[in-house]
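All of these numbers come straight from a predicted model, not from anything done at the bench. Just so it is clear: chains get the letters A, B, ... in the order the sequence lines come, proteins before strands, and each one is counted from 1.
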There are 2 protein chains.
Amino acid sequence: MDTSKLGSSDRLLLAALNLISERGYNGVTTMEIAKAAGLSEKTLFRQFGSKQKLLEAAFDRYHYAEEMKKLFNEKLVWKLEADLLLVSRTYHEIMNRNRKIFQISLKDEGQLPGFRERTHKHPHQLLEILTNYFITMSDKGKMIAANPEMQAFSFMMMNYGAFQNDLDSHKNYPSISLEPFIQESIKIFARALRP
Amino acid sequence: MDTSKLGSSDRLLLAALNLISERGYNGVTTMEIAKAAGLSEKTLFRQFGSKQKLLEAAFDRYHYAEEMKKLFNEKLVWKLEADLLLVSRTYHEIMNRNRKIFQISLKDEGQLPGFRERTHKHPHQLLEILTNYFITMSDKGKMIAANPEMQAFSFMMMNYGAFQNDLDSHKNYPSISLEPFIQESIKIFARALRP
DNA sequence: CAAATGTCAGTCAGTACTGACAGTCAAACC
DNA sequence: GGTTTGACTGTCAGTACTGACTGACATTTG
């Protein structure tokens, strides 16, 4: 990423996010962060006061968090495969956008209060949406009627697992090997839930 | 856990495992580990030489690693639901037994060389076994024939996700909420893969 | 007695964070 | 146009503390 045109504040936030997500909060020094941002350590402290506050600022600034509910009510077409695809895609999009923040919350749970909750808010929302979707689909007779909570949970867990797996192996963005997984996983669920 | 009867060496290893899995390698001091073990810091260094070596020793001592392949060839009964249950159970048993080591490898990836690979060895093995199982089942006409790799991968990812989810929420052992998930997830796959 | 452990003082390197001072640069003012 | 001002940044030396690790000597325990 070319950060040279950003303000110094943003450069620091991004550098912090990159480094801390890789090596953990205690694994990175303020000196390193400043160097990575092409600035002096002094500037870091002048802008943020402390290392903690720097990380919190990074979190606030770069934690993407739009509302989803309305979005879904418009987009669902009440066809199982199409809608599952929408859910999968939305899930991975959210997770990938917050990928680094997510990694930090995994590694440094103890360090930041309430971090985990915020990071998991959207996935939880998605789970709710999917559960309700399954219930409605059953009512419409378009799906077998049995344990929608667990079915939704299973679907989400599958995607959660795949995302985490992705985090480890190829640390770069392109969810290239994710795509065939998404396709197949949807086929499986569609076949299992069809009435 | 009552560690009072163990040798001092084991007490240190367990204390290290407990603390580091919660707060990360850099988040725990040697002093804390020693205190938690009810011993002096000096003893820690006398026994292990360094903090790194302590962790490595803990890993070697408490990373359960029996072979699985033979085990499976004996236990599989070639009935989809029963065998999927066996795979699920084995998976969660392995993961839970290595739970703390696994958490450390998540948090402190960078710290330990080759940690991740060792931790993931058994899950990978399981994936292979399951893939081959699916292939054979297709050949026998007991399962639809289509993309066994991805189907196995999806199944494993689902369980991986559930395991990770478990790690976060209730930090204690009893995989109580895991059980209904396992049941339902197997139903789903059995229904999806039935010919 | 011998092996294991504790105590305590101390070394050494790192690390978050500060203060004093100086340079740059663009806008504002004369 | 030249000067001043103010916001921002850098340098450097330094403080205060932490944390891994050591050595000398005393104490416990089987």
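Using a 4.0 Å heavy-atom cutoff across all strands shown, Q47(B) reaches sugar-phosphate atoms only and no base atom. Base contact: S40(B) has a heavy atom under 4.0 Å from a base atom.
A salt bridge does not link E81(B) to K187(B): none of the charged side-chain nitrogens sits closer than 4.0 Å to a carboxylate oxygen. By the 4.0 Å N-to-carboxylate-O rule, R118(B) lies close enough to D60(B) to be salt-bridged with it. Looking at R89(B) and E179(B), a side-chain N of the basic residue comes within less than 4.0 Å of a carboxylate O on the acidic one, giving a salt bridge. No salt bridge links D108(A) with R23(B); every basic N to acidic carboxylate O contact stays at or beyond 4.0 Å.
The separation between L44(B) atom CG and dG19(D) atom P is 15 Å, rounded to whole Å. Rounding to whole angstrom units, CG of residue L12(B) and P of dT5(C) are separated by 9 Å. The distance between atom CG of L39(B) and atom P of dA4(C), rounded to the nearest whole Å, is 14 Å. In this structure, K35(A) places its NZ atom 16 Å from C1' of dT9(D), rounding to the nearest Å. In this structure, L54(B) atom CG and dG19(D) atom P are separated by 16 Å, rounded to whole Å.
For H92(A) and Y160(A), the distance between ring centers is not under 6.0 angstrom.
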Where do N or O atoms of nucleotides 15-18 of chain C meet protein N or O atoms at under 3.5 Å, pair by pair?
unit_1, atom_1, unit_2, atom_2, d
dA16(C), OP1, K51(A), NZ, 3.1
dA16(C), OP2, T30(A), N, 2.9
dA16(C), OP2, T30(A), OG1, 2.8
dC17(C), OP2, K51(A), N, 2.8

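Using a 30° and 60° split on the angle between ring planes, F163(B) and F102(B) fall in the perpendicular class, above 60°.
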Take T29(A) and E41(A) through the test side chain to side chain contact (heavy atoms under 4.5 Å, CB included) and record every step on the way to the result. CA-CA 10 Å; T29(A) 71; E41(A) 197 187 6; over 6 Å; no

Each nucleotide in nucleotides 25-30 of chain D should get exactly one letter: B, S or -. Can you fill that in based on protein heavy atoms under 4.0 Å? ------

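Within the 3.5 Å criterion, the main-chain N or O of I104(A) finds no donor-acceptor partner in the side chain of S21(A).
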